Amino acid sequence: GENVEQHPSTLSVQEGDSAVIKCTYSDSASNYFPWYKQELGKRPQLIIDIRSNVGEKKDQRIAVTLNKTAKHFSLHITETQPEDSAVYFCAAIEEGGSNYKLTFGKGTLLTVNP
Amino acid sequence: DVKVTQSSRYLVKRTGEKVFLECVQDMDHENMFWYRQDPGLGLRLIYFSYDVKMKEKGDIPEGYSVSREKKERFSLILESASTNQTSMYLCASSSQTGGNYGYTFGSGTRLTVV
């Protein structure tokens, strides 16, 4: 089955700096990679996703890159703000397959210091 | 516009009690999932269901059972609650159609077993 490794487990940055969270996956059939943000005491929410037919996707201050050959994908947050502080989860799945379970990384606790 | 609703936000139960956690979604999703979330351990899958009356074990099913009698409702049952089942429980749902397998999560139930 799929295995997703996520690093680092904790990340502390100063406000205004960039933050990068990296994930690797094992199953080359995986083709959909969502990222979830979970603020303290709240539900995980989808913030950005990427499919294997593109290498990069941006949405304002967040971007995700995908390297299919190396089987890794990364979340980039620029100009971080205190409200970016949260736990971030990456995930992978083969869309179009019969397994509908996302495989999650273990999460990264991002702290943005004012 | 709440789409995945978990019946209780906080719950305190005694050891040995039978506990029911309810999850209802209004998006006509086929797939429903129960996870538990503990610090440092990420999201661990307990049970999932791809159809009414269908259920499959996840990674940590011991001590739990589930019921899915209607498409919109997925119940998690702790047959005899124990203190090591104190945790945050998250329900999620997703679709099998439309090419988007991403999850929508409920707000979570924080269960304390005393």
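From a predicted model like this one, the values you see are computed outputs, not experimental measurements. Residue numbers begin at 1 in each chain, while the letters A, B, ... track the order of the sequences.
If you look at A:Tyr100 and B:Phe48, their ring centroids are not closer than 6.0 Å. Aromatic rings from A:Phe104 and B:Tyr35 are positioned such that their centres are separated by under 6.0 Å.
Contact count versus chain B (heavy atoms, under 4.5 Å) is highest, among A:Gly107, A:Ala91, A:Pro44, for A:Pro44. Per-residue heavy-atom pair counts under 4.5 Å with chain A were compared for B:Ser94, B:Gly42, B:Gly106, and the maximum is reached by B:Gly106.
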Start with the C-alpha gap between A:Gln45 and B:Tyr103, add the side-chain angles, then the distance that decides, and say whether side-chain contact (heavy atoms from CB on, under 4.5 Å) holds.
-> CA-CA 9 Å; A:Gln45 293 200 289; B:Tyr103 290 3; over 6 Å; no
Pair A:Lys106-B:Leu41, side-chain contact (heavy atoms from CB on, under 4.5 Å): steps then yes or no = CA-CA 6 Å; A:Lys106 286 204 177 337; B:Leu41 298 179; 5.8 Å; no
Please assess B:Tyr101 against A:Asn99 for the test side-chain hydrogen bond (donor to acceptor under 3.5 Å, both in side chains), listing each intermediate value before the final yes or no.
-> CA-CA 10 Å; B:Tyr101 290 4; A:Asn99 178 6; over 6 Å; no
Taking it one step at a time, do A:Gln38 and B:Leu90 satisfy side-chain contact (heavy atoms from CB on, under 4.5 Å)?
-> CA-CA 12 Å; A:Gln38 186 180 25; B:Leu90 286 165; 4.2 Å; yes
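Annotation: the span from B:Glu56 atom CD to A:Lys101 atom NZ amounts to 7.0 Å, rounded to 0.5 Å. The structure places CG of A:Leu102 at 10.0 Å from CG of B:Asn31, a figure rounded to the nearest 0.5 Å.
No part of B:Glu30 comes within reach of chain A, as not one of its non-hydrogen atoms sits under 4.5 angstrom from that chain. Heavy atoms closer than 4.5 Å to chain B are found in the backbone of A:Ser98, but not in its side chain. The contact between B:Arg9 and chain A is made entirely by side chain atoms (from C-beta outward), counting heavy-atom distances below 4.5 Å.
The 12-atom threshold is exceeded at CD of A:Glu83, counting heavy atoms of other residues, nucleotides or ligands nearer than 6.0 Å. Atom CD of A:Glu79 sits in a sparse spot, with 12 or fewer heavy atoms from other residues, nucleotides or ligands closer than 6.0 Å. Residue B:Arg44 qualifies as enclosed at atom CZ: its count of foreign heavy atoms under 6.0 Å is above 12. By the 6.0 Å contact criterion, NZ on B:Lys71 is enclosed, its count of non-hydrogen atoms from other residues, nucleotides or ligands being greater than 12.
Residue A:Tyr32 is grouped with residue B:Phe105 when hydrophobic side chains (ILVMFWY) are merged at heavy-atom distances under 4.5 angstrom, including chains of intermediate members. A:Ile47 and A:Ile50 fall within a single hydrophobic cluster, where Ile, Leu, Val, Met, Phe, Trp and Tyr are joined by side-chain heavy atoms under 4.5 Å apart, directly or via other members. Both A:Trp35 and A:Val54 belong to a single network of hydrophobic side chains, linked directly or stepwise wherever heavy atoms of I, L, V, M, F, W or Y lie under 4.5 Å apart. By the rule that hydrophobic residues join a cluster once side-chain heavy atoms approach within less than 4.5 Å of another member, A:Tyr88 and A:Phe73 end up as members of one cluster. Cluster membership for A:Phe89 and A:Leu46, using ILVMFWY side-chain heavy atoms within less than 4.5 angstrom, is shared.
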